[in-house]
Each structure stands twice: as structure tokens, then as C-alpha cells.
Protein chains: 2
Amino acid sequence: MAGAITSRDVARLAGVSQATVSRVLHGSAGIAPETRSRVLAVVEQTGYQPNAAAISMRTRRTGTVGVVVGRVTNPFYPQVLDALGAELEPHGLRLILWDATTGPGERAAIEAIDQRRIDGLVFTTATASSPALQHAIDRRAPIVLVNRVVEGQPCDQVDSANEDTARRIARYFADHGHKRVGMITASADASTAAARSTGFTDEAADLGLHLDERHVLDGGFSHEGGRAALERMLDAGIEPPTAVFAVNDLSGFGALDAARAAGIAVPDDLWVVGYDDTEMASWEAFQLTTARQPIPEMVRIAVELLLARIAAPTRPPVHHRLPSEIVVRHSTAHAPVRA
Amino acid sequence: MAGAITSRDVARLAGVSQATVSRVLHGSAGIAPETRSRVLAVVEQTGYQPNAAAISMRTRRTGTVGVVVGRVTNPFYPQVLDALGAELEPHGLRLILWDATTGPGERAAIEAIDQRRIDGLVFTTATASSPALQHAIDRRAPIVLVNRVVEGQPCDQVDSANEDTARRIARYFADHGHKRVGMITASADASTAAARSTGFTDEAADLGLHLDERHVLDGGFSHEGGRAALERMLDAGIEPPTAVFAVNDLSGFGALDAARAAGIAVPDDLWVVGYDDTEMASWEAFQLTTARQPIPEMVRIAVELLLARIAAPTRPPVHHRLPSEIVVRHSTAHAPVRA
DNA sequence: AGGAGAGATGAATACGTATCCATACACCCA
DNA sequence: TGGGTGTATGGATACGTATTCATCTCTCCT
């Protein structure tokens, strides 16, 4: 490692004061052009890099944002990370990543706010509110919830129309003649799972679809869970459903794989619908009909809200709810969704 | 946000000096038990959190490690991130994430070292060395390369036996009677792609396998690229290969999907082998034979090396090369690999 | 010609912590 | 009883930057 060069070193080499170096680097007005270029030459030649700790000590800004994700191996989250990175980069912001499922990730992220290690935090996990999160929100910490809602909280939130879209999926099944349907859900602690389950269940009831309780199983948002859930449905000793709604794509892929292993033809004998429209949903191997979450848009808004919140901590919180579009693919025979 | 409480505030409230607060929080010896508990009580009651910038200003440590990944939507990287997070957490270390494919990720990560924003950097991208990286290595910056090698560099490196394993895959094809083989490769800038391509190509030549140049195509490590590559092979106007080696799983999945779309039966008419053994390779939809990279082990060693390097910057660099095991699945008819 | 005002720069300071050095006190042994 | 030894604590300082305030030098106008 190069010995750390400070702005004072640069100042000495350029024959100016440290204050002048700082001003040059910030493009402040009132610097003689000749001085300016002399300083920049030294900066260039020495490869000077400002010390991040000192800057953040002085400015109380870190230029870093935290993000809490669920299991990062769930392909939904990499897409969020991808969008988030792209959204933050133009602002010169960095990203610290915490996994909510391993160890004290969520708590560590919240502590990082108080330690002034990050300027703000994006929560993307669809998990219930912990006391720590609740407390942080009460303290008006700069937090944005994406894809998770905590009703009535003084906190910026962005999600999509989970309940409404799930209702549309139930209607879609009914419109195309299905009578017995199933659902692969996930922990009700997750607001997304809860909203999607509720929407689907309620609309199914309204429409007179038969949703046997043995056809409502927890898939834990995972491939393995989705697969096991469909296997259990087929094995329940009653007539299996002809259409299944999985509350996320990953468990939907698991269901498709269970059907494939059991020799059940999709979509002839079984329709499967997922949620998220991850990239893989369009792969030939799955061709999964699913609800498209507008991830880039959600993330864009989330970043916008977070930066605004950091700039104006007392601004009233807002809640954005974006529409979700159903993308029809082969897992439901390309049958159209009613307008 | 709570008004920032400092160690001085805690000291005042506990009736001691700031130095004593610092000592208590570090568990230093020579503190009266009564003083100690009084300080801790105030810390508890006020919810004091030490200021990260001040600590890192004083100690020249950040407790944060950087990681540069390729496109994070390539499922290989989330598995690396997962392992990395799990490995760092017990050390109390955080993770800043940079995507090498979007914007100036790689350069930003390297600059972060000089800015003392991170204590060290893990490179997981299989991309060629940039001048910036080269320069950082020359300066002996605390960097570990995982899954990427730069021969002869004074830099800690961890990879797996890419070339050797690729040779074994060629032999595997030959052993089971294949004559015409194909390869879906990727940019030779990536040391992994280069090593795997070389190993497969050389061994195929040694064994007299026919590897037509029209059956060697770049799949760009992506699903779409792998799919397009296989489509072009089938469309080349010559007899297609009976076995294809894809230098990573993702492009292997693409190949499988191309075969599925074209009505080519795997493994009856075509064998496909990937590389990485990502979780999805074992899914029913793919059942892809592939080379297992020991990700957790590689990451474990990488973190160990990085921490050692940070503690002892001048220690001679080491290069770990781990064995890769071929996992046989349905995409090669479960045919055994020769011992 | 003299002073006002603008432009350019430097000196000083605070951010919050860890640690070095100094100090005060109690206790023990010769 | 006095000096020495050890224990517990406080004062002072430096880390590197951004920014406020002060200073100095011109230029220009009356």
C-alpha cells in the first residue's frame, strides 16, 4: 500500500494551504486558474485519494447506502441488487449488503445507521417487522421499505399491487374454466405472501372456486418448498387442483419441477402461475405465467424517496403502490387474461 | 434520528472521563468493576452507538470488506455472496458490493481501498486484469482474487482446477463413445473461460475428438448466449455435436433450453455438461451434469488470506488451487465418470 | 491620491474516538 | 514512617477533512 497521501501533503507539494486544496477539489469559486491547475497536477501526480473517514467525520455523510435482502440466492433479490446498483451509481453512492436470513443481518443494518456507517437503508425483505425495525422507524431513521409494507408506519414504502393482482389471477383461473385450484404460499410474516394469499383466497371464494385447505401449502418462497408443496397436493388423496398459484416464481419453478417429475403435463393437466417475473420465468424450461413486479421502477422510486428523506428527514412519508402486469406464458397455455 | 450521542456524553452521564468510556467498551483491564457497570448502564440506557467514521479515523480500520462480482444475476455470484457473507459475519465484517459490469465498478472498488473505505477487496470476477487492478496489485493493496488468476502476480489467489477438470470432461465424452463434440465458451479475457476452453480443447485434440471450429462458440456466460450458441451449432449445416461442454452452468442451461425448443432429446441425442454446479443444476428442469466448484471452501480460504494479508501486508502471496469434482446427472444419462 | 470593495488565500477549528502520558491514591514492606 | 509499587482514572492529542473567519493584494472610482 502506498503511504497515505493527505490533502496536506498535496498542499505542501503545490505550495498552497490545505484549505485551498479542499476548495479546488470541490470546485469552489474564487480559485485562481493557475493555482487550480497546479493543485490538480499534484493530485494527479501523487494519486491522492481523500480519506473517506475524515470526510464523513466532517460532513456526517458516508456516501453509502445499506440494503437488506432475503436469501440472496432467491433470484428475485439479485435483480433488485442489480437495479439498485444501477440506480445508486450515478449518485456516486455505494452499497453495503446485509442478508436478513443469516445471523443478525437486519439488526446489524439498523445499527449501521446509528453508527453513521450508512446514510440510509433499503429494506427489500418481505419479512415481518422486527422490534428493532419498528424502533428505528419510530426514531425516523432514513429507511425505505421496498416490496414490504407495514401499514400505518411513518416510513416511506414502495410495493406493487400484490393483493389486487392475486385477485386477478384467481379470476383468470375462473375465466378459463378451472374449478379446483391450489395455492403455494409462504410465511404470513411476509407482507407480500400475506397480501397475495389473501387476494387469491378471497377472490377464489367470491367466484366459487374450490380451494381446499389441503391445497394451500407453505412453499417457503423456495424451489424445494414449492416442489414439496405440489407433491403433497398430488398426494393428498383427493382430486388435485387443475391450477395452482405460487406466491413467488421460485416456488412456482419448484411446482413445475414437481409436475415434470410426476409426469403431470403443464398446461394440459395443470396450470401454474408464479409471481415476480424473474428472468428465469421466460426460459424455455419454465415458460411460467407470472405477475411482473416492476423492479426497476420500484427501485428507482425507492432510491428517490430515500435520498429525499436523507435530505429532508421530516418530510411526511409516502407510500407508492405500483401496478403489476400478468405476463402470460406456456404454463397457462398462453390463454389470455380478461381485460 | 436520535441526536447523536457521543462517548463524551456517556462519560458525562456516568461521571467519568471519555477515556474511561472507551476503555470500558474495549474491555481493557484495569477498570474498577463498579465504574465498569456504571458506564455500561449509561451505554445501555442511552443506546449509545460509536461513530464509525471516528473509529476508522483513529484506527485506520473500517471493518468493511469490498467484493467485486460479475453480473449479479448470474446465479454463480449470489452463491459466492452468500458464502462470503456467512464467512465475514463472525468476524464482524461488513460487505460493500460492486458490480464489475455496470459502470466503473472495478475502478471504484480499487479506489475505495485508497480512500480507506474498505480494509480489503475480494475479486470474484472472471475478467481480465485491468490496468487499475494491475496497479493496485503492484502497490500490494490487500486484494484476493477468487475464481480468477493472474499468473505471476504478487497477489493472493484462490481458484479451482479449471483446466484439469475441463480435460476430464473431454475424456468423459470420449470414454462414452462421443466423436463430435462442441464447446460453448466465453471471453478469453476471463481466466476461467480461458482455462476451461484450453483444457477441453487440448484434451479433445489429444484424444482425437472432432471439435469443429463451427462448434466452438461464445456464450458470454449467459443463458441467452448459451442458447444462441447451441442454436447456431444445430444450424451450421454440418453434423451437430453429440456432446457439448459449456464453460459455465448458465450458458449450459441456455443450451439445454435450445435443445428443448428444437426438440433435441437430452441425453439421448445430445449430452450437455456445465461448470459451477449452481443450485439450479440439480433442478428437475435441468439435471445438468457439471463440475462442482467448491464455493464455500474457496470463499473460506479467500477470507482467511485476506485477513492475513491485512494483518501482515508483506507476507508472501500464495495461490490455492482446489479440486473440482464432476457431478453426474441426467444431462449425460447418469453415465459414470472414469475413476 | 486614497479608500472601498472584490478576489484569492491562509490560519484555525471541530468532527468523535483510541491511546499515550501523567496523576492520585492505597497499600505494603523494611 | 517513608518510599516504592501497583491500580484506577483523567488530560491531552492526533487522525484528515470542510468550512468559517481573517488577511492580504490589487483594481477601480471619485
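Lettering of chains follows the sequences in order, A, B, ..., and the numbering in each one begins at 1. Not measured: the values here are computed from a predicted model.
Rounded to an integer number of Å, the gap from CD1 of B:I55 to C1' of C:dT19 is 14 Å. The interatomic distance linking B:R58 (CZ) with C:dA18 (P) rounds to 8 Å, in whole Å. Atom pair A:D9:CG and D:dC15:C1' shows a separation of 13 Å (rounding to whole Å applied). Straight-line distance from the CE atom of B:M57 to the C1' atom of D:dA18: 11 Å, rounded to whole Å. Counting to the nearest Å, the P atom of C:dT17 and the CZ atom of A:R117 are 12 Å from each other. Distance, B:R12 CZ to D:dG11 C1': 18 Å, rounded to whole Å. The CD atom of B:Q115 sits 15 Å away from the P atom of D:dG16 (whole-angstrom rounding).
A heavy atom lying under 4.0 Å from DNA chain C marks the following residues of residues 21-35 of chain A, by number: A:R23, A:G30, A:I31, A:A32, A:T35.
With B:V303 as the partner, the side chain to side chain contact (heavy atoms under 4.5 Å, CB included) test is satisfied by one option alone out of B:L84, B:V158, B:V122, B:V146: B:L84. Each of B:R148, B:R321, B:Q293 was evaluated against B:D159; a single residue qualifies, B:R321, per the side-chain hydrogen bond (donor to acceptor under 3.5 Å, both in side chains) test. Between A:I118 and the choices A:I113, A:L95, A:L93, A:I110, the side chain to side chain contact (heavy atoms under 4.5 Å, CB included) rule is met once, by A:I113.
In this model, no side-chain donor or acceptor of A:Q18 finds a partner on the base of C:dA11 within 3.5 Å.
A distance of 11.5 Å separates CD in B:Q115 from OG in A:S56, rounded to the nearest 0.5 Å.
The backbone N or O of A:Q134 lies less than 3.5 Å from no partner atom in the side chain of A:Q153, so there is not a single donor-acceptor pair. Proximity of a side-chain donor or acceptor of A:D119 to a complementary backbone N or O of A:V65 within less than 3.5 Å is not detected.
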side-chain contact (heavy atoms from CB on, under 4.5 Å) assessment of A:L13 paired with A:Q45:
CA-CA 10 Å; A:L13 292 171; A:Q45 180 227 322; 5.8 Å; no
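Nearest to the side chain of A:S17, among C:dG10, C:dC15, C:dT19, sits C:dG10. Closest to the side chain of A:T59, from the set D:dC15, D:dA18, C:dT17, is D:dA18.
Base contact: B:R8 has a heavy atom under 4.0 Å from a base atom.
Comparing A:P50 and B:R38, the nucleotide of DNA chain D nearest to each residue sits closer to the 5' end for B:R38.
For B:T20, no side-chain nitrogen or oxygen approaches OP1 or OP2 of D:dT9 to under 4.0 Å. Under 4.0 angstrom from either OP1 or OP2 of D:dG16 there lies no side-chain N or O belonging to A:Y48. Proximity of A:R60 to the phosphate of C:dG16: a side-chain N or O atom is located under 4.0 Å from OP1 or OP2.
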